[in-house]
Chemist: 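Take a look at the following structure, please.
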Amino acid sequence: QVQLVESGGGLVQAGGSLRLSCASSGRTDSTYVMGWFRQAPGKEREFVAAITWSGGSIKYADAVKGRFTISRDSAKITVYLQMNSLEPEDTAVYYCAARYGNSLYSLEKRYAYWGQGTQVTVSS
């Protein structure tokens, strides 16, 4: 199993930036995809971005393309989400997720492991 812990959320003004981190632990000796999802109040959880073990393949939701960047450290156990040009619509709880294998999916049911979430609030 993989355990995930997010950090880096907070309150920021529109147009500002935040960087989220997700540290993984546990069975990290196998390849696994890591991704970010978010859930705004009253809405369903939605895909944000995902990255393969090597970092060679990345997938983004259309809503964040060009503003958010997902990356993975050289040890492969921490994933980052750099969020720039934040908008009030980006306000949500952001969740880190992981799945064994090397296929990128945007469906949350494809991810077996989840962090507890970190709140991101963007004020207008």
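Starting from 1, each residue takes its place in the sequence as its number.
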Chemist: Are any non-hydrogen side-chain atoms of W114 and L4 less than 4.5 angstrom apart?
Modeler: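 Not in contact.
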Chemist: At what distance, to the nearest 0.5 angstrom, does OG of S21 lie from CD of E6?
Modeler: 10.5 Å
Chemist: Between M34 and M83, is there shared hydrophobic-cluster membership here, with clusters defined by ILVMFWY side-chain heavy atoms closer than 4.5 Å?
Modeler: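 The answer is yes; both residues are in one hydrophobic cluster.
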Chemist: Under a 3.5 Å distance rule, please check whether T91 uses its side chain to pair with a backbone N or O of V122 as donor and acceptor.
Modeler: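 Side chain of T91 to backbone of V122: a pair is present.
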Chemist: Please test I51 against V79 for side-chain contact (heavy atoms from CB on, under 4.5 Å), starting from the C-alpha separation and ending with a verdict.
Modeler: CA-CA 8 Å; I51 187 169; V79 67; 3.8 Å; yes
Chemist: Measure across A49 and L81 and return the closest heavy-atom pair with its distance rounded to 0.1 Å.
Modeler: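 Nearest pair, atom of A49 first, then L81: CB-CD1, 4.4 Å.
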Chemist: With under 30° as parallel and over 60° as perpendicular, where do the rings of F68 and Y94 fit, or are they tilted in between?
Modeler: tilted
Chemist: How many angstroms lie between CD1 in I77 and OG in S25, if you round to the nearest 0.5 Å?
Modeler: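 One gets 8.5 Å once the value is rounded to the nearest 0.5 Å.
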Chemist: Is it the case that one hydrophobic cluster holds both I58 and V64, taking links as side-chain heavy atoms less than 4.5 Å apart, direct or via other members?
Modeler: yes
Chemist: For Y113, is the NZ or CZ atom of R99 found under 6.0 angstrom from the centre of its six-membered ring and inside 45 degrees of the ring axis?
Modeler: no
Chemist: Of all the heavy-atom pairs spanning A14 and P88, show the shortest one and how long it is.
Modeler: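 For A14 versus P88, the nearest heavy atoms are CB-CD, 4.1 Å.
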Chemist: Is any side-chain heavy atom of S17 closer than 4.5 Å to a side-chain heavy atom of Q82?
Modeler: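 Counting from C-beta outward, S17 and Q82 do come under 4.5 Å.
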Chemist: Just jot down the ring pair (Phe, Tyr, Trp, His ring centres under 6.0 Å) partners of F47, sequence neighbours excluded, or say none.
Modeler: F37
Chemist: In this structure, would V120 and Y95 fall into the same cluster of hydrophobic residues linked by side-chain contacts under 4.5 Å?
Modeler: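 They do not share one cluster, since no chain of ILVMFWY contacts under 4.5 Å joins V120 to Y95.
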Chemist: Taking disulfide (SG to SG under 2.5 Å) as the cut-off, I'd like each qualifying pair that reaches into residues 61-106, sequence neighbours left out, listed once.
Modeler: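 Every pair satisfying disulfide (SG to SG under 2.5 Å) with a residue in residues 61-106: C22-C96.
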Chemist: Atom CD of E87 and atom OG of S124: how far apart are they, to the nearest 0.5 Å?
Modeler: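 Going from the CD atom of E87 to the OG atom of S124 covers 12.0 Å.
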Chemist: Closest heavy-atom contact between Y80 and D73?
Modeler: CE1-CB, 4.1 Å
Chemist: Take atom NZ in K76; do more than 12 heavy atoms of anything else shown fall under 6.0 Å from it?
Modeler: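 Counting other residues, nucleotides and ligands, NZ of K76 exceeds 12 neighbours.
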Chemist: Distance check, rounded to the nearest 0.5 Å: T121 atom OG1 versus D90 atom CG?
Modeler: 11.0 Å
Chemist: Would you indicate whether the side-chain heavy atoms of E46 and R38 approach each other to under 4.5 Å?
Modeler: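 Yes, at least one pair of side-chain atoms sits under 4.5 Å.
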Chemist: I'd like to know if the side chain of N102 pairs up with that of T31 as donor and acceptor (distance under 3.5 Å, no hydrogens or angles considered).
Modeler: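 N102 vs T31: no donor-acceptor pair found between side chains.
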Chemist: Please check this pair: side chain of R67 against backbone of S85, looking for a donor-acceptor N/O pair closer than 3.5 Å.
Modeler: yes
Chemist: So does Q116 have more than 12 non-hydrogen atoms from other groups sitting under 6.0 Å from CD?
Modeler: yes
Chemist: CZ/R72 to OG/S24 distance, rounded to the nearest 0.5 angstrom?
Modeler: 6.5 Å
Chemist: Check whether T52 reaches the backbone of S57 with its side chain - one donor and one acceptor, N or O, closer than 3.5 Å.
Modeler: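 Yes.
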Chemist: Do L104 and W36 sit in the same hydrophobic cluster, where Ile, Leu, Val, Met, Phe, Trp and Tyr count as joined when their side-chain heavy atoms come under 4.5 Å apart?
Modeler: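 Each belongs to a different hydrophobic cluster.
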Chemist: Measure across A50 and Y105 and return the closest heavy-atom pair with its distance rounded to 0.1 Å.
Modeler: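 Heavy-atom minimum between the residues: CB-O, 4.5 Å.
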Chemist: Does the side chain of V93 come within less than 4.5 Å of T118's, by heavy atoms?
Modeler: no
Chemist: Within the structure provided, determine whether L18 and L86 are in side-chain contact (heavy-atom separation under 4.5 Å).
Modeler: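 Yes; the side chains approach each other to less than 4.5 Å.
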Chemist: Is the gap between the ring centers of W53 and Y32 under 6.0 Å?
Modeler: yes
